[in-house]
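The structure displayed is predicted, hence computed values, not measured ones.
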Amino acid sequence: MASSTKSKPTLVIVHGGGHVPASYEKMRAQLVSQGYEVHIPRLPSTNGMRPPNADLYSDSNLVRSYVESLVEAGRDVVAILHSYGGQVGTNALYGLGAQARQQQGLPGGISHLIYMTAYAVPEGNAMMNIVKRMNNMDLVPLVFDFADDDTCLFHNPKGIMVGPVEDMDDAEVDAYLATFVRWNGKGMYQPIEHAAWRDIPTSYVYTTNDTSVPIHYQEDFVAGLEKEGVKVQTFKLATGHCPHFTATTDMVDIVNKVVGA
């Protein structure tokens, strides 16, 4: 008798700006322990080149090529997009939805997008377009330390990116912060050209204590998608901008709920 157990999808995490795959190790380890295969391709905009030689479009091309290789091998993929990674994944993953591929007689595909306090906007929008619309451009220098070549680091990453944490010692937080790198901040000013959420089922994870992408931004993203006719499954975590680190078990539970594991 054939087994009725549904196999777990392959997970691809599209990381945030200034982050690297190691920044997601805590969540990756928990997901792997539950039987998932997890991929975290490193975005070229974090390659450390000065002046930078990679941007939003380089990141998008890398992620698209990476995920294409998985779906063309017949994989069921769930993409988890964090922060700036929402721009990258939204731009990169259009046309790779499982349903669209099945209709073309093709194997594999992306069955779900999970936006984790990530930018989720229509074509033609850059991150900074949203910040400007929210009248918050004056806050940009408080969050990002830009160099003359447009590369940047985070100001006060512990306070702004991580936020208050409980039951976590300073050494663990410091080790996490040490994974952050200089990256090409120009990507935040570049508009996306595609919107993968138009034809791939989508969920959004709100982080209510987020000071980097505040909750009213997140709610605006979801409202915008719903205005476009997209049904968005939402979850809410009382944590800061990095729930993969500060609310790891909760994030893994959300992934399980989304995929029906």
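- Between the CE atom in M27 and the OG1 atom in T248 there is a gap of 8.0 Å [rounded to 0.5 Å].
- R64 contributes a side-chain N or O that, together with a main-chain N or O of A92, makes up a donor-acceptor pair within less than 3.5 Å.
- Side-chain contact check for V12 versus P41: some heavy-atom pair is nearer than 4.5 Å.
- Taking all atoms of both residues into account, the shortest heavy-atom contact from A118 to G86 is CB-CA, 3.8 Å.
- Under the 3.5 Å distance criterion, with hydrogens and angles disregarded, a donor-acceptor pair is assigned to the side chains of H241 and D210.
- Between the side chain of N91 and the backbone N or O of S60 there is no donor-acceptor pair closer than 3.5 Å.
- The number of heavy-atom neighbours closer than 6.0 Å to CE of M134, taken from other residues, nucleotides and ligands shown, is above 12.
- Of the candidates F245, F180, W183, Y84, F180 is the only one forming a ring pair (Phe, Tyr, Trp, His ring centres under 6.0 Å) with H19.
- For the pair E37 and K8, the salt-bridge criterion is not met [side-chain N within less than 4.0 Å of a carboxylate O].
- In the hydrophobic clustering of ILVMFWY residues, with side-chain heavy atoms under 4.5 Å counting as a link, Y206 and I160 come out together.
- Using modelled atom types, one finds no donor on one side chain facing an acceptor on the other under 3.5 Å when comparing S58 with N61.
- Scanning both residues, I110 and V71, for their nearest heavy atoms gives N-CG1, 4.2 Å.
- In summary, the side chains of N209 and T239 do not present any donor paired with an acceptor at a separation below 3.5 Å, with no hydrogens or angles considered.
- With M251 as reference, L237 is the one residue of T207, L31, T246, L237 to meet the side chain to side chain contact (heavy atoms under 4.5 Å, CB included) rule.
- Taking the side chain as every heavy atom from C-beta outward, L177 and P157 approach each other to under 4.5 Å.
- At a threshold of 4.5 Å between non-hydrogen side-chain atoms, the residues C242 and Y24 do not count as touching.
- Residues L62 and R42 approach most closely at CD1-O, 3.9 Å, considering heavy atoms.
- Rounding to the nearest 0.5 Å places CD1 of I114 at 9.5 Å from CD1 of I13.
- Figure legend: R133 and Y217 shown without cation-pi pairing, the cationic atom not lying both under 6.0 angstrom from the six-membered ring centre and within 45 degrees of its axis.
- Side-chain atoms of Q34 and N256 form a donor-acceptor pair, as typed in the model, at a separation below 3.5 Å.
- Heavy-atom minimum distance, Y204 versus Q218: OH-CG, 3.4 Å.
- In the hydrophobic cluster analysis, where Ile, Leu, Val, Met, Phe, Trp and Tyr join through side-chain heavy atoms closer than 4.5 angstrom, F235 is grouped together with V78.
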(request) Kindly indicate, with the supporting measurements, whether the criterion side chain to side chain donor-acceptor pair (under 3.5 Å) is fulfilled by S111 and D76. (result) CA-CA 6 Å; S111 57; D76 171 18; 2.7 Å; yes

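- Using a 4.5 Å cut-off between side-chain heavy atoms of Ile, Leu, Val, Met, Phe, Trp and Tyr, with links allowed through other members, I80 and L225 fall into different hydrophobic clusters.
- In this structure a side-chain-to-backbone donor-acceptor pair under 3.5 Å is missing from D250 to A247.
- Defined by atom type and a distance below 3.5 Å, a donor-acceptor pair is present between the side-chain atoms of S203 and H112.
- Of the possible donor and acceptor atoms, one in the side chain of Q190 sits under 3.5 Å from a partner among the backbone N and O of L56.
- Under 3.5 Å, the side chains of Q99 and D199 contain no donor-acceptor pair of N or O atoms.
- Under the 4.5 Å side-chain heavy-atom criterion for ILVMFWY residues, a single connected hydrophobic cluster contains both M161 and M128.
- For Y119 and F221, the ring centers are positioned less than 6.0 Å apart.
- Counting non-hydrogen atoms of other residues, nucleotides and ligands closer than 6.0 Å to NZ of K186 gives a total of 12 or fewer.
- Between Y115 and H82, the ring center distance fails the sub-6.0 Å criterion.
- Ion pairing between E72 and R101 fails under the 4.0 Å rule for side-chain N and carboxylate O.
- In this structure, a donor-acceptor pair under 3.5 Å is absent between the side chains of N184 and D150.
- Looking at E228 and R198, a side-chain N of the basic residue comes within less than 4.0 Å of a carboxylate O on the acidic one, giving a salt bridge.
- Taking CG of L139 as the reference point, atom NE2 of H155 lies at 12.0 Å (rounded to 0.5 Å).
- Contact between L93 and A79 at its shortest, heavy atoms only, is CD1-CB, 3.8 Å.
- Put simply, the side chain of M188 does not reach to within 4.5 Å of the side chain of I130, judged on heavy atoms.
- Both L11 and V252 sit in one connected hydrophobic cluster of ILVMFWY residues. Membership requires side-chain heavy atoms under 4.5 Å apart, directly or through other members.
- Pairing each heavy atom of D149 with each of P51, the nearest pair is OD2-CA, 4.0 Å.
- Under the 3.5 Å distance criterion, with hydrogens and angles disregarded, a donor-acceptor pair is assigned to the side chains of H39 and Y66.
- The closest side-chain heavy-atom distance from D55 to S45 is not below 4.5 Å.
- A side-chain donor-acceptor contact under 3.5 Å links Y176 and H244.
- Using the six-membered ring where Trp is involved, F154 and F144 have ring planes that are tilted, between 30° and 60° apart.
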